[in-house]
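Single-structure report; data block below.
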Amino acid sequence: MEKLLDVFPGYYGRFLSVHFEQFLNEPIVTEEQNKAYSNIVEFLDSINNFSMSPELKSFLNENTTHITKEAMKDVSINMVHAIQDMDKFLADNKEFLEKYVAYKNSDEYKNSPAFELQLLLKDFNRTSGYYDIFIENMKKLSPKYEQYHEMLEAANETLMSQYPDIAKWEKSKD
C-alpha cells in the first residue's frame, strides 16, 4: 500500500490505499496471482507520480485534510453496501442524486477546481495504465476484488440507466 501512497500522494493515495487494502488480505496461491502481483508492483514502480498544479494541490489539501482513515474506510464499506443493492441505494438517495446530477451539469461545477481535478484524474488513470494494468491485475490477484469489480460494473450500469447524464460524463471530457 505504501507504493500507492508514493505514486498518488495526499488524499487520493490515502483513499486508494484504504480502498484496496480490504482486497489484499488473501494469500497468493496461484502462479497467475503471483504474476499479477508482480505486474502491479512493476506498474507502480514505473509510472510517474501523479502531479497537479500548486493551486489544485492546495485545493485538494484544504478540502480533505480533515478526512480520517476511519472515514475513508466507512466510504469504502458504504460503497460496497450500495453496490450490493443498487436499487435500494437509488431509491433511498433519489433526491440527493438528482441534486448531484444537477450540480455536476452546472457551470459552477464546470468552472471549479473540483472539475479540473476530476479531468486530471480521469486523464491520468486512462493514460497511465491504471485501468488496463493495475485494475486488471487486481482482479487476477484478488478474487474478492474481482467479485467487487463485477458488482461495481453492474451497479454502474443500473445507475447510468436511471441517470443518463452520468453516462455522458463517462464518455466525454466533462
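Counting begins at 1 with the first residue of the sequence. None of the values given here were measured: they were computed from a predicted structure.
Of the possible donor and acceptor atoms, none in the side chain of Ser142 sits under 3.5 Å from a partner among the backbone N and O of Met138. A donor-acceptor pair under 3.5 Å is absent between the side-chain atoms of Glu136 and the main chain of Asp132, judged by distance alone. In this structure a side-chain-to-backbone donor-acceptor pair under 3.5 Å is missing from Ser76 to Lys73. A donor-acceptor distance shorter than 3.5 angstrom exists from the side chain of Ser128 to the backbone of Phe124, with no hydrogens or angles considered. The backbone N or O of Tyr109 sits less than 3.5 Å from a side-chain atom of Ser112, completing a donor-acceptor pair. With Asn111 contributing its side chain and Asp107 its backbone, the two residues share a donor-acceptor pair below 3.5 Å. The backbone N or O of Leu152 lies less than 3.5 Å from no partner atom in the side chain of Asn156, so there is not a single donor-acceptor pair.
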- Message: One pair to check against side chain to side chain contact (heavy atoms under 4.5 Å, CB included): Lys110 and Glu116. What are the steps and the verdict?
- Response: CA-CA 8 Å; Lys110 290 178 182 175; Glu116 186 180 343; over 6 Å; no
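The shortest distance between side-chain heavy atoms of Lys57 and Ser53 does not fall below 4.5 Å. For the pair Leu90 and Tyr163, the minimum side-chain heavy-atom distance is below 4.5 Å. Leu16 is listed as a side-chain neighbour of Tyr130, based on a closest heavy-atom distance under 4.5 Å. Between Gln33 and Lys140 there is no side-chain heavy-atom pair separated by less than 4.5 Å. Using a 4.5 Å heavy-atom threshold, the side chains of Phe89 and Leu97 count as touching.
Side chains of Gln118 and Lys104: a donor on one and an acceptor on the other come within 3.5 Å.
Under the side-chain contact (heavy atoms from CB on, under 4.5 Å) criterion, Ala102 pairs with no residue, sequence neighbours left out. Take Asp92 and apply the side-chain contact (heavy atoms from CB on, under 4.5 Å) test, not counting sequence neighbours, and it matches Lys88. Annotation: salt bridge (Lys or Arg N to Asp or Glu O under 4.0 Å) contacts of Lys35 (sequence neighbours excluded): none. Phe23 is linked by a ring pair (Phe, Tyr, Trp, His ring centres under 6.0 Å) to His19, Tyr145, Tyr148, counting only residues two or more places apart in sequence or in another chain. Residues meeting the side-chain hydrogen bond (donor to acceptor under 3.5 Å, both in side chains) test with Lys99, sequence neighbours left out: Glu95. In terms of the salt bridge (Lys or Arg N to Asp or Glu O under 4.0 Å) criterion, Glu153 has no residue partners (sequence neighbours excluded).
Rounding to the nearest 0.5 Å gives a distance of 4.5 Å between CG of Asp165 and CG of Asn105. Here the OG1-NZ distance, from Thr127 to Lys122, works out to 13.0 Å after rounding to the nearest 0.5 Å. Here the OH-CG distance, from Tyr37 to Leu24, works out to 9.0 Å after rounding to the nearest 0.5 Å. Distance check, rounded to the nearest 0.5 Å: CG of Asn137 to CD of Glu42 gives 9.5 Å. Here CD of Glu98 is found 10.0 Å from CD of Gln162. Values are rounded to the nearest 0.5 Å. To the nearest 0.5 angstrom, Thr158 atom OG1 is 6.0 Å from Asp87 atom CG.
Minimum heavy-atom separation, Met52 to Leu120: CB-CD2, 3.5 Å.
For Tyr103 and Phe96, the ring centers sit 6.0 Å or farther from each other.
Linking ILVMFWY side-chain heavy atoms closer than 4.5 Å, directly or via other members, places Val41 and Leu141 in a single hydrophobic cluster. The hydrophobic clustering, which links ILVMFWY residues whose side-chain heavy atoms are closer than 4.5 Å, places Tyr131 and Leu44 together. Val80 and Ile77 are assigned to two separate hydrophobic clusters, defined by single-linkage of ILVMFWY side chains at heavy-atom distances under 4.5 Å.
The 12-atom threshold is not exceeded at NZ of Lys69, counting heavy atoms of other residues, nucleotides or ligands nearer than 6.0 Å.
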